[in-house]
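Keep in mind the model is a prediction, meaning the values are calculated, not measured.
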Amino acid sequence: MATSIAATGLHKPLSSFHVGWGTSICSDNSIVLIKSVPEVVRVAKPVRFRPMMKNINEGKGIFAPVVVLARNIIGKKRFNQLRGKAIALHSQIITEFCKSIGADAKQRQGLIRLAKKNGERLGFLA
């Protein structure tokens, strides 16, 4: 009859049929239990990267220096508030234009995306 030896001490005898994962059989027919995984496995939270909403043309475009100068003068928080209001106003103007010419929502969304791309290229979103 063989015995099982664990990190915490001796346990009840096992037969040779109870050999499982994490055990090793010695030449003298005794079973030595080797714990390869601790009882409490601590797993750290995976590192999640936040997607960056960054302008690929930042610092480029003919209006970028003026935009950066204005942001430095009035402060980043106030600048972003004004920029948000300007973008919202521009989107409303595009929406009213689309209503007047009878364009559907898909075309309106396409025009808003085009306005954003043009603003990035010109440096308004620097």
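For the pair Glu96 (side chain) and Ile93 (backbone), a donor-acceptor distance under 3.5 Å is absent.
Under a hydrophobic-cluster definition in which Ile, Leu, Val, Met, Phe, Trp and Tyr are linked whenever side-chain heavy atoms come within less than 4.5 Å, directly or via other members, Ile62 and Val66 are assigned to different clusters. Val67 and Ile74 fall within a single hydrophobic cluster, where Ile, Leu, Val, Met, Phe, Trp and Tyr are joined by side-chain heavy atoms under 4.5 Å apart, directly or via other members.
Taking CD1 from Ile94 and CD from Gln107, the interatomic distance works out to 13.5 Å, rounded to the nearest 0.5 Å. Once rounded to the nearest 0.5 Å, the distance linking NZ of Lys60 with CG of Leu125 reads 14.5 Å.
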Test Lys76 against Asn80 for side chain to side chain contact (heavy atoms under 4.5 Å, CB included), laying out the working first.
-> CA-CA 6 Å; Lys76 193 172 185 178; Asn80 284 336; 3.8 Å; yes
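Counting heavy atoms from C-beta outward, Ile87 and Lys116 have side chains that stay 4.5 Å or more apart.
Across Thr95 and Arg108, no two heavy atoms sit closer than the pair OG1-CD, 3.4 Å. Closest approach of Ala126 and Arg71 over heavy atoms only: O-NH1, 3.0 Å.
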